[in-house]
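Hydrogens, waters and symmetry mates play no part in the numbers below; they use all other heavy atoms, side chains included. Heads up: numbering here begins at 1 and tracks the sequence.
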Amino acid sequence: MDSIIFDLDGTLWDSSDVVVVGWNSVLSNYQGVVNGVTKEDLQGIMGLQVDEAGRKLFPNIDEDTRHRILRECCEVECLYLAKQGGRLYKGLEEVLRALSAQYKLFIVSNCQAGYIEAFYEYHQLQKYFIDYENPGRTGLSKGENIKLVMERDHLSSPVYVGDTEGDMKAAGIAGIPFVYASYGFGEVSRYDHVIDRLDGLLGLFDITSGDKG
């Protein structure tokens, strides 16, 4: 193994407390058209591309209105996260520091453009990652974006770490092993390895200290 590619939501952080406030600030302008959303609603769409998430959350409105609402929600979401951040899973920076001493690290998430950048901006963790990708920039599926990062960064033997069935399928499309983060938002039908907390990666990859590097 030469590298680790991470999902973001449910794997590295939980942004739903902040995102639900941002989304509801937008949705309040559409009273009578759509209802507000809950944290559980948002956790239920984590891992989906924006259009698919919109169809699940707002199935009864016309497509043009749904696209407008989603665009506004995504813009506000990134602004909120860049200023407030999200809830990082315990020991995240220590784990990233240790892993990055031995492996190249990447993020591939099914998010809009600006979302990973907001994660970087507030938490200042970009120094641990070589590259990132999302469908907001490429229009590609998660599996295709994983393959794109592999090609672009000349990766020969990465693994993908994620928490949903979609993550598992994306790793399969890319032809790489899947590490299931069982502490996240989803359940999966198959995995190559499983961790029940983030620092489980250190034991999985034979890294003994979170302070290494």
Side-chain angles (χ1 to χ4, degrees), residues 1-19 43 46-47 78 80-134 136-137 142 145-146 148-150 152-164 166-168 170-171 174 176-186 188 191-213:
M1 189 181 76
D2 62 350
S3 51
I4 305 170
I5 307 173
F6 289 94
D7 172 52
L8 182 50
D9 292 316
T11 302
L12 300 181
W13 75 346
D14 178 357
S15 65
S16 54
D17 283 330
V18 174
V19 171
Q43 289 178 342
M46 294 296 186
C78 290
Y80 274 51
L81 289 171
K83 293 180 179 179
Q84 301 179 47
R87 180 176 67 84
L88 303 181
Y89 287 121
K90 184 178 180 181
L92 176 60
E93 183 159 13
E94 291 81 2
V95 170
L96 293 177
R97 183 184 301 118
L99 292 174
S100 66
Q102 291 187 220
Y103 302 103
K104 297 177 181 179
L105 307 184
F106 304 83
I107 295 176
V108 173
S109 175
N110 257 353
C111 58
Q112 71 272 23
Y115 188 83
I116 298 174
E117 293 89 337
F119 167 75
Y120 284 163
E121 182 174 343
Y122 185 84
H123 295 289
Q124 293 297 301
L125 295 172
Q126 60 267 38
K127 59 189 173 184
Y128 299 111
F129 296 97
I130 303 297
D131 196 3
Y132 67 94
E133 200 51 87
N134 59 71
R137 296 202 307 185
K142 181 174 282 188
N145 277 326
I146 293 173
L148 177 63
V149 166
M150 290 171 61
R152 186 164 69 204
D153 295 286
H154 310 292
L155 309 182
S156 60
S157 186
V159 300
Y160 188 68
V161 183
D163 67 306
T164 68
D167 293 333
M168 180 270 288
I176 62 175
F178 174 61
V179 180
Y180 172 42
S182 65
Y183 54 83
F185 300 137
V188 304
Y191 53 80
D192 297 290
H193 308 280
V194 60
I195 54 172
D196 60 9
R197 61 185 200 181
L198 188 62
D199 63 5
L201 289 171
L202 302 181
L204 183 62
F205 300 132
D206 296 322
I207 297 174
T208 57
S209 171
D211 295 323
K212 185 171 181 179

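- The backbone N or O of V108 lies less than 3.5 Å from a partner atom in the side chain of Y160, making a donor-acceptor pair.
- Listed here is the closest heavy atom pair of L202 and A98: CD2-CB, 3.8 Å.
- Proximity of I107 to Y128: side-chain heavy atoms (C-beta onward) are nowhere separated by under 4.5 Å.
- Note that CD1 of I5 and CD of E133 are 11.0 Å apart. Values are rounded to the nearest 0.5 Å.
- By the side-chain hydrogen bond (donor to acceptor under 3.5 Å, both in side chains) test, S109 is found to be paired with no residue, residues two or more places apart in sequence or in another chain being considered.
- Of the possible polar contacts, none joining the D153 side chain to the L155 backbone as a donor-acceptor pair under 3.5 Å is found.
- Side chains of Y89 and V95 form no contact here, defined as non-hydrogen atoms less than 4.5 Å apart.
- Considering only heavy atoms from C-beta on, L201 comes within 4.5 Å of F6 through its side chain.
- Using a 4.0 Å cut-off between charged nitrogen and carboxylate oxygen, R152 and D131 count as a salt-bridge pair.
- Nearest heavy-atom pair, C78 versus A113, reported as atom, atom and distance to 0.1 Å: SG-O, 4.2 Å.
- With respect to P158, the side chain to side chain contact (heavy atoms under 4.5 Å, CB included) criterion is satisfied by exactly one of K104, M1, M150: M150.
- Checked by atom type and distance alone, the side chain of N134 pairs as donor or acceptor with a backbone atom of R137 at under 3.5 Å.
- When every heavy atom of T11 is checked against every heavy atom of L198, the shortest pair comes out as O-CD1, 3.6 Å.
- Side-chain contact between F106 and I130: present, with at least one pair of heavy atoms (C-beta onward) separated by less than 4.5 Å.
- Side chains of I4 and L105 form a contact here, defined as non-hydrogen atoms less than 4.5 Å apart.
- Looking at Y180 and D167, their side chains never come closer than 4.5 Å, going by heavy atoms from C-beta outward.
- Salt-bridge formation is detected for the pair K142/D7: a Lys NZ or Arg NE/NH1/NH2 atom is positioned less than 4.0 Å from an Asp or Glu carboxylate oxygen.
- The distance from atom CG of N110 to atom CG of N145, rounded to the nearest 0.5 Å, is 7.5 Å.
- Taking every heavy atom of both residues into account, Y115 and S15 meet most closely at OH-OG, 2.6 Å.
- Scanning all heavy atoms of the two residues, the minimum distance from A171 to P177 falls at CB-O, 4.3 Å.
- With sequence neighbours left out, the side-chain hydrogen bond (donor to acceptor under 3.5 Å, both in side chains) criterion links E117 to Y132.
- Judged by distance alone, with hydrogens and angles left aside, the side-chain atoms of D163 form no donor-acceptor pair with the main-chain N or O of A181 at under 3.5 Å.
- Closest non-hydrogen pair, F178 versus Y191, comes out as CD2-CB, 3.8 Å.
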Using a 3.5 Å cut-off and no angle test, enumerate the donor-acceptor pairs between side-chain atoms of residues 120-127 and protein atoms at least two apart in sequence or in another chain.
from: H123; atom 1: NE2; to: G86; atom 2: N; distance (Å): 3.0
from: H123; atom 1: NE2; to: G86; atom 2: O; distance (Å): 3.4
from: Q124; atom 1: NE2; to: E121; atom 2: O; distance (Å): 2.8

inquiry  = Please evaluate residues Q43 and D14 with respect to the criterion side-chain contact (heavy atoms from CB on, under 4.5 Å), reporting the C-alpha separation (whole Å), side-chain torsions for both, the decisive distance (0.1 Å), and the verdict.
reply    = CA-CA 9 Å; Q43 289 178 342; D14 178 357; 3.4 Å; yes
